[in-house]
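By convention here, the first residue in the shown sequence is residue 1. Excluded from the calculations below are hydrogen atoms, water molecules and symmetry mates; all remaining heavy atoms, backbone and side chain alike, are included.
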Amino acid sequence: MNDWQRKSPLEWQTYVNKMVNVAAAEKHEYEGWVVTIDPVSANIVLATFLENEKVSISVVLGHAVQEVKILKEGDDEMKQRLSCMFAPEESKAYSPEELEKRKNDLKTWLETNHIPVTEQSDSGGTLCVAGVLTIHPPYGPEKCSSSNEIILSRVQGLIQGYLEKQQ
């Protein structure tokens, strides 16, 4: 077991959100922003930002790490960028105004297409379709729920089509 693997998770945490240079076995070197470090294997996940908003991800295996040098501290913008790198698109945060607009636009579209929809007043903006299906914020197909699988599938397909036309 090498020195890197002997470190504690609290020690590894000090490397997260920092630009590092990792010297590994067989004279390999890796450079990038530390996204996370696996506390069991000591593997380091590095992100390198390329042109065109593309990201290259590298994993340096913990047993191969010989030395890690911190090159640069991450600012708040970089920390935010790294923290939401693997988050699904639909989990992005919407402001209350954006959620209200999404809800109203979807409700109007459903009504225009003769689909009976109401807003449940006590549920924080949940829409109810025909009394058998609910749509929760942020009003995407994955936020629909119903015990009737046929209705669920059809409404999800309609909402998916609607959202694709919006983009």
Side-chain angles (χ1 to χ4, degrees), residues 9 12-20 22 30-41 43-62 71-167:
W12 288 323
Q13 186 65 36
T14 62
Y15 292 90
V16 175
N17 297 325
K18 295 187 172 85
M19 169 73 84
V20 297
V22 180
Y30 304 91
E31 194 169 287
W33 292 93
V34 177
V35 178
T36 190
I37 300 167
D38 178 47
V40 175
S41 64
N43 294 350
I44 306 172
V45 178
L46 297 174
T48 308
F49 295 97
L50 311 170
E51 62 277 345
N52 301 337
E53 294 296 311
K54 294 197 184 277
V55 180
S56 172
I57 300 293
S58 305
V59 178
V60 182
L61 300 180
L71 304 176
K72 188 166 136 184
E73 297 280 331
D75 58 10
D76 288 340
E77 182 184 338
M78 182 55 69
K79 288 177 185 176
Q80 177 64 29
R81 205 170 167 189
L82 291 168
S83 72
C84 64
M85 185 178 306
F86 296 110
E89 186 65 32
E90 63 271 4
S91 74
K92 77 176 189 183
Y94 291 96
S95 71
E97 296 80 25
E98 288 174 312
L99 282 176
E100 188 68 22
K101 181 181 181 338
R102 285 176 66 94
K103 177 184 69 177
N104 291 334
D105 289 351
L106 179 60
K107 186 177 178 187
T108 301
W109 183 81
L110 289 168
E111 289 168 343
T112 303
N113 287 282
H114 308 292
I115 298 171
V117 61
T118 58
E119 186 174 344
Q120 295 179 339
S121 58
D122 61 339
S123 63
T126 299
L127 296 177
C128 183
V129 176
V132 296
L133 180 136
T134 56
I135 309 169
H136 301 280
Y139 310 104
E142 71 286 347
K143 293 297 183 178
C144 295
S145 59
S146 175
S147 59
N148 185 322
E149 290 183 30
I150 295 169
I151 291 174
L152 178 63
S153 173
R154 291 202 176 145
V155 172
Q156 284 177 320
L158 288 170
I159 292 172
Q160 185 66 43
Y162 162 74
L163 292 174
E164 286 170 1
K165 286 181 185 174
Q166 298 299 309
Q167 293 175 350

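The shortest distance between side-chain heavy atoms of V117 and E111 falls below 4.5 Å. Looking at heavy atoms from C-beta onward, R81 lies in side-chain contact with F49 at the 4.5 angstrom threshold. The shortest side-chain heavy-atom distance between L110 and K107 does not fall under the 4.5 Å cut-off. Here the side chains of S145 and L152 are not in contact, with every heavy-atom distance at 4.5 Å or above. Residues E119 and K103 form a side-chain contact, since some pair of their non-hydrogen atoms from C-beta on lies under 4.5 Å apart. In this structure the side chain of T48 never reaches within 4.5 angstrom of the side chain of V55, judged on heavy atoms. Under the 4.5 Å side-chain criterion, counting only non-hydrogen atoms from C-beta, L133 is not in contact with N148.
One N or O on the side chain of T108 and one on the backbone of N104 form a donor-acceptor pair closer than 3.5 Å.
For Q166, the CD atom counts as densely surrounded, since its 6.0 Å shell holds more than 12 non-hydrogen atoms of other residues, nucleotides or ligands. For I150, the CD1 atom counts as loosely surrounded, since its 6.0 Å shell holds 12 or fewer non-hydrogen atoms of other residues, nucleotides or ligands.
Every side-chain contact (heavy atoms from CB on, under 4.5 Å) that Q80 has, sequence neighbours left out, goes to S83, C84.
To the nearest 0.5 angstrom, Q156 atom CD is 9.5 Å from S146 atom OG. A distance of 7.0 Å separates CH2 of W33 from CG of L82, quoted to the nearest 0.5 Å. Atom-to-atom distance recorded for R154:CZ and I159:CD1 is 14.5 Å, nearest 0.5 angstrom. With values rounded to the nearest 0.5 angstrom, T126 atom OG1 is found 5.0 Å from H136 atom NE2. Atom CG in D38 sits 8.0 Å away from atom CH2 in W12 (nearest 0.5 Å).
Shortest non-hydrogen contact noted between P39 and P9 is CB-CG, 4.2 Å. Minimum interatomic distance between G140 and I135 (heavy atoms only, all atoms of both residues): O-CG2, 4.4 Å. Contact detail for G131 and C128: the closest heavy-atom pair is CA-SG, 3.5 Å.
Side-chain atoms of Q160 and E164 include a donor-acceptor pair closer than 3.5 Å.
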Walk me through whether V45 and V34 qualify under side chain to side chain contact (heavy atoms under 4.5 Å, CB included).
CA-CA 6 Å; V45 178; V34 177; over 6 Å; no
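Screening L127, L158, L163 for a side-chain contact (heavy atoms from CB on, under 4.5 Å) involving L106 leaves a single residue, L127. Shown are E31, M78, E73; of these, the side-chain contact (heavy atoms from CB on, under 4.5 Å) with M19 is made only by E31.
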